[in-house]
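In the text below, chain A, chain B and the rest are named by the order of the sequence lines, each starting its count at 1. What you see is a predicted model, and the numbers here were worked out from it, not measured in a lab.
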Protein chains: 2
Amino acid sequence: MRLLPHPSTENIQLTEVLRALSDPVRLEIVVRLALRGEMTCGVAGDDLGVHKSTASHHYRTLRESGVVMTKQEGRLKYMSLRRDDLDSRFPGLLDAVLSAAGIPSTGVPVQR
Amino acid sequence: MRLLPHPSTENIQLTEVLRALSDPVRLEIVVRLALRGEMTCGVAGDDLGVHKSTASHHYRTLRESGVVMTKQEGRLKYMSLRRDDLDSRFPGLLDAVLSAAGIPSTGVPVQR
DNA sequence: CTTATAGTTGGATTGTTGTCAAACAATAAG
DNA sequence: CTTATTGTTTGACAACAATCCAACTATAAG
């Protein structure tokens, strides 16, 4: 199992995250990851309406911005949302975006 | 007093808002508006390190994406954050972004 | 009317981005 | 070893975006 290069939590930049999320194709990938959890690139990129190489570029943008974590197992690559990292760095941001994108709230701790 | 063309609340698009907020110059303008409330373009764009025409383009991007409202009075143009519109369309999003950008929470109703 | 102020517009430039297609790399399976 | 699968890389291209400068518009003030 190999891990690909990712930014550390403290190096995740707000504007880069917002930019990563501002593309409809990437946002759809993020929504899928939020709904169904970790999945392979193939599944995440299925029926997106773009070429697989285009999708691959989007995976990279999402990884380099710190939005997703990717690990390789065999010939598959598994992507997952970096929920905890994003929540700790930018509390409430991911939930607000997912909710705005039509996803039911995920029961993240309420701030009192 | 004149109003410039703005998207209606229901026509504010999530990806456009995220894109508008993903530029450091525009995010700084938004932060200023959040901290100090309505202000003229001149004040909002002071000391941003970009030419005034560049700032003007950013005002337009912010307005067309639905992030700010602009009204003209005399020879001045006043910009303000469309807080209520953004909150109603994408609850929690603006607060999360502002908080991530280093602004103290603004006492928006806690979700229970 | 002339001048100053506030901001926009258009052109030019430079760099970035989203896309596809084709070639490639790496792993797994026969 | 050969073939199939999964995903990346490279090149090309068109569209877009950020920037500056200069010219412009509109209002206000003298």
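With rounding to the nearest 0.5 Å, the separation of NE2 in B/His58 from CD in B/Glu28 is 12.0 Å. Considering CG of A/Leu62 and CD of A/Glu64, their distance stands at 10.0 Å, rounded to 0.5 Å. Distance check: A/Arg82 CZ to A/Leu94 CG gives 12.0 Å after rounding to the nearest 0.5 Å. Within the model, atoms NE2 of B/His6 and OG of B/Ser65 stand 10.0 Å from one another, a figure rounded to the nearest 0.5 Å. Here the straight-line distance linking atom CG of A/Leu81 with atom CG of A/Leu86 works out to 7.5 Å at 0.5 Å rounding. Taking OG1 of B/Thr70 as the start and CD of B/Glu38 as the end, the distance is 9.5 Å to the nearest 0.5 Å.
Of all the heavy atoms in B/Leu21 and A/Leu18, the pair that sits closest is O-CD1, 3.5 Å. For A/Thr9 against A/Arg89, the heavy-atom pair with the smallest separation is O-CD, 2.9 Å. Residues B/Val43 and B/Arg36 approach most closely at CG1-NH2, 3.4 Å, considering heavy atoms.
Look at CG on A/Leu62: it is 15 Å from C1' on D/dT8, rounded to the nearest Å. When rounded to the nearest whole Å, the span between CG of B/Leu76 and C1' of D/dA26 equals 12 Å. Atom CD in A/Glu73 sits roughly 14 Å away from atom C1' in C/dA28 (whole-Å rounding). Summarising the geometry, the separation between NZ on B/Lys71 and C1' on D/dA26 is reported as 19 Å, rounded to the nearest angstrom.
B/Asn11 CG: more than 12 foreign heavy atoms inside a 6.0 Å radius.
Between B/Glu73 and the choices B/Arg75, B/Lys71, B/Lys77, the salt bridge (Lys or Arg N to Asp or Glu O under 4.0 Å) rule is met once, by B/Lys71.
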What's touching nucleotides 13-15 of chain D from the protein side, N or O pairs under 3.5 Å?
none

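The stretch residues 13-33 of chain A touches DNA chain C through A/Arg19, A/Asp23, A/Arg26, each having a heavy atom under 4.0 angstrom from the strand. Listed by residue number, the members of residues 48-60 of chain B with any heavy atom below 4.0 angstrom from DNA chain D are B/Gly49, B/Val50, B/His51, B/Ser53, B/Thr54, B/His57, B/His58.
Side-chain nitrogen and oxygen atoms of B/Lys77 include at least one within less than 4.0 Å of the OP1 or OP2 phosphate oxygen of C/dT8.
Both A/Arg75 and A/Thr61 lie close to DNA chain C; mapped to their nearest nucleotides by heavy-atom distance, the more 5′-ward contact belongs to A/Thr61.
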